Amino acid sequence: MKKNIFKIASLLALVSFTMTSCDEWLTVYPQTQIVEENFWEDKNDLEGVRYAAYKNMASQVDKMIIWGDLRSDIYKLPEMVTSSQGNRDNFYNIIYANIDTTWTYYDWSGMYSTIGYCNKVLQHGEEILEKDKQFTRAEWNQMKAEMVTMRALSYFYLVRAFKSIPYTTKVVNSDRDKEYFPQLPVLDVMDSLITDVEKVVGQARNRSIKAQETKGQITNTAIHALLCDMYLWRASLYEGRGMQNEAINDYKQCIYHSEMSLKKLKEQFDEEQKSLGAAFSANDFISWTNDSIYSGEPINFMYRNEIERARYGDVSLIAFNKIFGQGNSYESIFELQFNSEDGRSNGTVNSMWGSSAGTHLVTTLSPNIKDIRSWFSSWDEVGEAGTGDAYCVKWLKVAPEFDRSTLGTASPKITMEGEIENYKNWIVYRLSDILLNNAEARACLMILKQDVETNKKVCRRILRMLNRRWWVDFVNTTEVEKDLDKYVEAYGEASNTADANTYFTHVMNTRKLEFVGEGKRWFDLVRYAERKSANDDSEEGMTNMFETFMTSIDGYKTIMSRCDNLWGLYSPIYYMECKAYRADGKVLNQNPVWNKSKYDR
């Protein structure tokens, strides 16, 4: 056992060094012959590096947030002085598009290290299959599916953050070799990612015995979720470039993989329900009417909240507590795991959000007492609505406390003070992701005049399902309307006769509130801008996005002018990467909008 631990530690240290060496950043260095020739002996060696891929991705949560969320229409800096003034100043500059390539926020080497681990496993799998007779073809196929998907997920983060990126599936093992991999156009990278992942569909596990393995590792449910997400992104690229037939096909593929992910998630749920037997509590879930989204199957695994006695201050937030408090819920698809047993804490979410002196971000959202999501995303520092900075407390250990004297009124006072928890999992995909991707694809198809009535029906069912489960009325305390085809004006939902653009706006507004504090909103806005952009240098899509979504941000016109064109919505490449390429006579093209560091001139 000690031998295996030493071997794994040695290889991981070497892989980490070769992917992040300070003077040759994206050069792929050769592994030393001693490690390579002695490491790969049995499946435990593959398992060790596979584990490292997951662990390394978990170390990149800060990048996922900064690249995917920080610049969006949801956040601003708090009025109170933070205990980390340096980060506060930098985040201010990022939000207001004073971006510099020397900031390590844009160092992508950590994500490429995850890719390196995946490539290592994929390179040596067949070799181990020959050496280790205890290692079966079925086990290797499962592991291969995991690593192909993890690699694609890592690249997908890079594509959404940087657009044009170096891409390789190769590992260099010869001491004589050293390679630079050229940047590829975004569509070329997306084509490769989708093709690779499509090849491993159905080859991963469906479920493991332990919840932290089912939700903390790539399953068939997660593979379909990633494909759903990638097809939606590529469809938007196609649509912007006038490739309408290709866009329509990819929107349909997004819907297909959303439905397949739903099917696999339901299979996980049904198997778990059987295993629990009498211990299973069906009362935790909502029974919708007209809720079939795929193949006539109901979604009977969506958590409910007990709000029938809300006027008396008796509210049980089952959905919130299961999804965000407990983690690895039935609605979860893939979560990066954090726990005290192996020393992995997720302090990033507590520094970005919360209500302490170290909190970097507050939200721009207006509190809405009737939407439970609002309680966790727009409450002020003393625990009340609308009197100060609006804090996101989604990642704290928190429960609402009611001012008894205000109960029975339309707007009772709620306190949302909470405690920091350092081991909250980071949710990459959950049920709401695949449902809202499905709804967005259908709204886009409606705009493109494709099967309008069917797409409208399913889109509105999804939106009503996701929004109604968080709704509460403190005066007329009744359950939410279960019939998803019935329009209820009081809920503020789109009517059955609303047009395609109204439904699309409703999708974007729902995404905004549903995913506060989950690292996704800026990517949503960039995807929208791509859909409106004829080419990479287009100003139209960037301007359209700002004028449609960013007008609530103070100084948004200044931010818009600094972004200049579509490239301005993407991140700059860390200057050391460009410097390393130039040192060996190679070219790594910096983002043209942010090419203003002295090191890039």
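Nothing here was measured: the structure is a model prediction, and the numbers come from that model.
- Under the ring-ring contact (aromatic ring centres under 6.0 Å, His included) criterion, Phe269 pairs with Phe280, Phe285, Phe301, Tyr330, sequence neighbours left out.
- Under a 3.5 Å cut-off, the side chain of Ser154 and the backbone N or O of Met150 do form a donor-acceptor pair.
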Distance-only check: which donor-acceptor pairs under 3.5 Å involve side-chain atoms of residues 185-195, not counting sequence neighbours?
residue: Asp191; atom: OD1; partner: Arg234; partner atom: NH1; Å: 2.8
residue: Ser192; atom: OG; partner: Asp188; partner atom: O; Å: 3.2
residue: Thr195; atom: OG1; partner: Asp191; partner atom: O; Å: 2.8

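- In this structure, Met260 CE and Ile434 CD1 are separated by 11.0 Å, a value rounded to the nearest 0.5 Å.
- Checked for salt-bridge contact, Lys264 and Glu259 miss the test: no charged N lies under 4.0 Å from a carboxylate O.
- Between the side chain of Thr363 and the backbone N or O of Tyr75, no donor-acceptor pair lies under 3.5 Å.
- Remark: the backbone N or O of Asp69 is paired with a side-chain donor or acceptor of Ser72 at under 3.5 angstrom.
- Atom NZ of Lys266 sits in a crowded spot, with more than 12 heavy atoms from other residues, nucleotides or ligands closer than 6.0 Å.
- When the salt bridge (charged side-chain N to carboxylate O under 4.0 Å, His left out) test is applied to Lys43, the partners found at least two apart in sequence or on another chain are Glu139.
- For residues 199-228, the pairs satisfying ring-ring contact (aromatic ring centres under 6.0 Å, His included) are His224-His257, with sequence neighbours left out.
- For the atom pair Ile293 CD1 and Ile255 CD1, the distance stands at 11.0 Å (nearest 0.5 Å).
- Residues that satisfy the ring-ring contact (aromatic ring centres under 6.0 Å, His included) test with Tyr54, not counting sequence neighbours, are absent from this structure.
- Ion pairing between a basic and an acidic side chain is recognised when a charged N comes within 4.0 Å of a carboxylate O; Lys131 and Glu41 show no such pairing.
- A ring pair (Phe, Tyr, Trp, His ring centres under 6.0 Å) with Trp108 is found for exactly one of Tyr157, Tyr574, Phe162, Trp67, namely Phe162.
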Working for side-chain contact (heavy atoms from CB on, under 4.5 Å), residues Arg521 and Val516:
CA-CA 8 Å; Arg521 180 60 175 179; Val516 174; over 6 Å; no
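- Partners of Glu518 by salt bridge (charged side-chain N to carboxylate O under 4.0 Å, His left out), not counting sequence neighbours, listed by chain and number: Lys394, Arg430, Lys520.
- In this view, Trp140 satisfies the ring-ring contact (aromatic ring centres under 6.0 Å, His included) rule with no residue, not counting sequence neighbours.
- Arg205 has no carboxylate O lying under 4.0 Å from a charged side-chain N of Glu213, or vice versa, which leaves the two without a salt bridge.
- Under the ring-ring contact (aromatic ring centres under 6.0 Å, His included) criterion, Phe320 pairs with Phe324, Phe376, not counting sequence neighbours.
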For Ile165 and Met111: C-alpha separation, side-chain torsions, deciding distance, then whether side-chain contact (heavy atoms from CB on, under 4.5 Å) applies.
CA-CA 12 Å; Ile165 60 169; Met111 202 64 78; over 6 Å; no
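- Every salt bridge (charged side-chain N to carboxylate O under 4.0 Å, His left out) that Glu271 has, sequence neighbours left out, goes to Arg207.
- For the residue pair Gln268 / Thr214, no side-chain donor-acceptor distance below 3.5 Å is found, with atom types taken as modelled.
- Taken to the nearest 0.5 Å, the CG atom of Leu158 stands 12.0 Å off from the OH atom of Tyr167.
- In Lys163, the NZ atom is crowded: over 12 heavy atoms of neighbouring residues, nucleotides or ligands sit closer than 6.0 Å.
- Rounding to the nearest 0.5 Å places OH of Tyr155 at 5.5 Å from OH of Tyr112.
- The line from CG of Leu232 to CD of Glu440 is 4.5 Å long, rounded to the nearest 0.5 Å.
- Atom CD in Glu530 sits 6.5 Å away from atom CH2 in Trp233 (nearest 0.5 Å).
- Asn119 meets the side chain to side chain donor-acceptor pair (under 3.5 Å) test with Arg151; sequence neighbours excluded.
- For the pair Thr168 (side chain) and Lys170 (backbone), a donor-acceptor distance under 3.5 Å is present.
- Asn305 places a side-chain N or O within donor-acceptor distance of the main-chain N or O of Ala319, the cut-off being under 3.5 Å.
- The backbone N or O of Lys215 sits nowhere less than 3.5 Å from a side-chain atom of Thr219 that would complete a donor-acceptor pair.
- Within a 6.0 Å sphere centred on NZ of Lys274, other residues, nucleotides and ligands contribute 12 heavy atoms or fewer.
- Contacts of Asp229 classified as salt bridge (charged side-chain N to carboxylate O under 4.0 Å, His left out), with partners at least two apart in sequence or in another chain: Arg160.
- Side chain of Asn425 to main chain of Phe338: a donor-acceptor pair is present (N/O by atom type, distance under 3.5 Å, no hydrogens or angles).
- Ion pair Glu47/Arg50 flagged as a salt bridge, since at least one NZ, NE, NH1 or NH2 atom sits closer than 4.0 Å to an Asp/Glu carboxylate oxygen.
- Between Asn422 and the options Asn339, Asn346, Asn350, a side chain to side chain donor-acceptor pair (under 3.5 Å) holds for only Asn350.
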Could you list the donor-acceptor pairs under 3.5 angstrom formed between side-chain atoms of residues 58-66 and any protein atom two or more places apart in sequence or on another chain?
residue: Ser59; atom: OG; partner: Asn56; partner atom: O; Å: 2.5
residue: Lys63; atom: NZ; partner: Asp107; partner atom: O; Å: 2.8

